[in-house]
Amino acid sequence: MAKTATYSLISSQTTSGSSTTVITFSSIPQTFTDLVLVVNGTAVSGGPDLKYTFNSDTGSNYARIAFYGTGSAAFVARDINQTGTNTGYLGTSNTTNILNVPDYSNTTTYKNIVARINAAIYLGTWRSTAAISSITLTIVSSSYASGCTFKLYGIEAYK
Amino acid sequence: MALQLFKIATVTVGSAGASTIDFTSIPQGYTDLMLAYSVRVNRSGTTFTQLGMRVNGASTNYSTTTLSGNGSTVTSSSNITGYFGYESSSMNSTNSTGNTFSSGQIYIPNYTSSNNKSALIDFVAEQNATAANAILSVALWSNTAAITSIALNEPNNNSNFDQYTTATLYGIL
């Protein structure tokens with residue numbers, strides 16, 4: 001049997017103007033092993049969190065732990081029973097977020113998100129055994145600046 | 001579906017060592033860059049030392065914020081230096097356990113854009129001895145030029161990279 005491996009761009013979006021507050025990736029193919037979401041850009045103001053929800057679930061089914069450094073001190077933060085997982089961040093200078101969602105299409109386990117942002121690592125959990133078919137990124141108390149890019153990749157394991 | 005992670009180039013240091021590792025004429029047809037490396041240098045009298053990285057030969061407009069741990073202490077720092085992510089690395093050096101190399105990965109999205117360039121840098125240096133480092137960093141190059149070259153070196157003492165040091169540059173669509 002031929003071996004295959006892919007790291008494929010599923011979909012990408014780029015903001016125009018400065019009023020966008022929600023980005024959604026829907027109808028995510030279920031043919032990959034893991035998902036990787038790369039976000040790059042700035043917020044219009046402040047240093048807002050990016051809140052992720054899956055499959056339009058806005059119930060209190062999310063948790064997060066964050067480990068981060070500010071440049072002068074190190075912190076850890078913990079949230080449970082949230083209506084989204086705040087595992088993202090955009091500043092007013094160019095910011096990069098890389099989220100990994102392993103085994104997103106399984107229907108047996110809850111889903112985890114591992115995110116690298118600035119000098120931080122976040123782990124989020126969505127308490128649902130459903131396969132992830134959509135991802136929504138909501139910027140909290142701000143908006144996406146023009147030119148923010150959002151790229152969703154699928155990784156298929158080498159067979 | 002087509003593979004969209006491409007190896008642009010790999011450098012493997014030979015027995016003579018190397019003072020620099022250079023990626024030049026980087027193709028501009030990708031969206032993001034990822035640099036993965038396994039490094040060791042021959043700086044005498046040290047267990048770990050910093051990795052220097054410059055893009056497009058620039059020596060200014062870099063800043064870094066770092067979160068690091070050494071097994072007993074966690075610290076965070078900010079720096080403005082002449083290197084991309086200067087404090088975000090900790091290369092195994094002469095006094096570290098033999099044959100141990102540190103590993104790192106740098107992800108630079110939108111490297112051809114006309115925006116300033118940010119990067120996420122992850123670095124680990126383990127030697128199965130008392131000292132070790134795990135580092136998470138963000139680095140910013142405040143320059144709107146597209147990145148066309150990346151150069152690595154050991155800037156504190158201009159030591160050589162040891163044999164078997166490797167660095168691979170990937171382009172991502």
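Note that the structure is a prediction, hence the values are computed from the model and not measured. Order of the sequence lines fixes the chain letters, A, B, ..., with proteins taken first and strands second; residue numbering starts at 1 for each chain.
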**Request:** Report yes or no: do A:L9 and B:I172 belong to one cluster of Ile/Leu/Val/Met/Phe/Trp/Tyr joined by side chain heavy-atom distances under 4.5 Å?
**Result:** yes
**Complete:** Minimal heavy-atom distance between B:T66 and A:A119, with the atoms involved, is C-CB, 3.9 Å
**Message:** Looking at B:Y107 and A:N97, would you say the former's side chain and the latter's main chain have a donor-acceptor pair under 3.5 Å?
**Reply:** no
**Item:** Interchain contact, A:I117 with chain B, by part (heavy-atom threshold 4.5 Å)
**Value:** backbone
**Prompt:** Residues of residues 62-70 of chain A under 4.5 Å from chain B (heavy atom pairs)?
**Reply:** A:F67, A:Y68, A:G69, A:T70
**Fill in**
Sorted by chain and number, sequence neighbours left out, side chain to side chain contact (heavy atoms under 4.5 Å, CB included) with A:T149 holds for A:T14, A:N40, A:K151, B:N110
**Message:** Side-chain heavy atoms nearer than 4.5 Å, only ILVMFWY residues, links allowed to pass through others: does that put B:F23 and B:L173 together?
**Reply:** yes
**ILVMFWY cluster, A:Y144 and A:V44 together (side-chain gap under 4.5 Å)** = no
**Item:** Hphob cluster co-occupancy, B:Y30 + B:V55, side-chain heavy atoms under 4.5 angstrom
**Value:** yes
**Message:** Between A:T95 and chain B, with a heavy-atom cut-off of 4.5 Å, which part of the residue counts as in contact: side chain, backbone, both or neither?
**Reply:** backbone
**Item:** Spatial distance of atom CD1 (A:I155) from atom CG (B:L5) [nearest 0.5 Å]
**Value:** 8.5 Å
**Message:** Could you walk me through whether B:L140 and A:N94 satisfy the side-chain contact (heavy atoms from CB on, under 4.5 Å) test, starting with their C-alpha distance in whole Å, then the side-chain angles of each, then the deciding distance to 0.1 Å, before giving a yes or no?
**Reply:** CA-CA 8 Å; B:L140 180 70; A:N94 192 283; 4.2 Å; yes
**Message:** Heavy-atom cut-off 4.5 Å, strictly under: side chain, backbone, both or neither for B:S77 against chain A?
**Reply:** both
**Asked** CG of B:N115 to OG1 of A:T42: how many Å apart, nearest 0.5 Å?
**Response** 7.5 Å
**Asked** Is the closest side-chain heavy-atom distance between B:D32 and A:V38 below 4.5 Å?
**Response** yes
**Message:** Sort by residue number and list every residue of residues 72-90 of chain A having at least one heavy atom under 4.5 Å from chain B.
**Reply:** A:S72, A:A73, A:A74
**Item:** Toward chain A: residues of residues 120-131 of chain B with heavy atoms under 4.5 Å
**Value:** B:L120, B:I121, B:D122
**Request:** Group every Ile, Leu, Val, Met, Phe, Trp and Tyr by side-chain heavy-atom contacts under 4.5 Å, then state whether B:M53 and B:F101 land in the same group.
**Result:** no
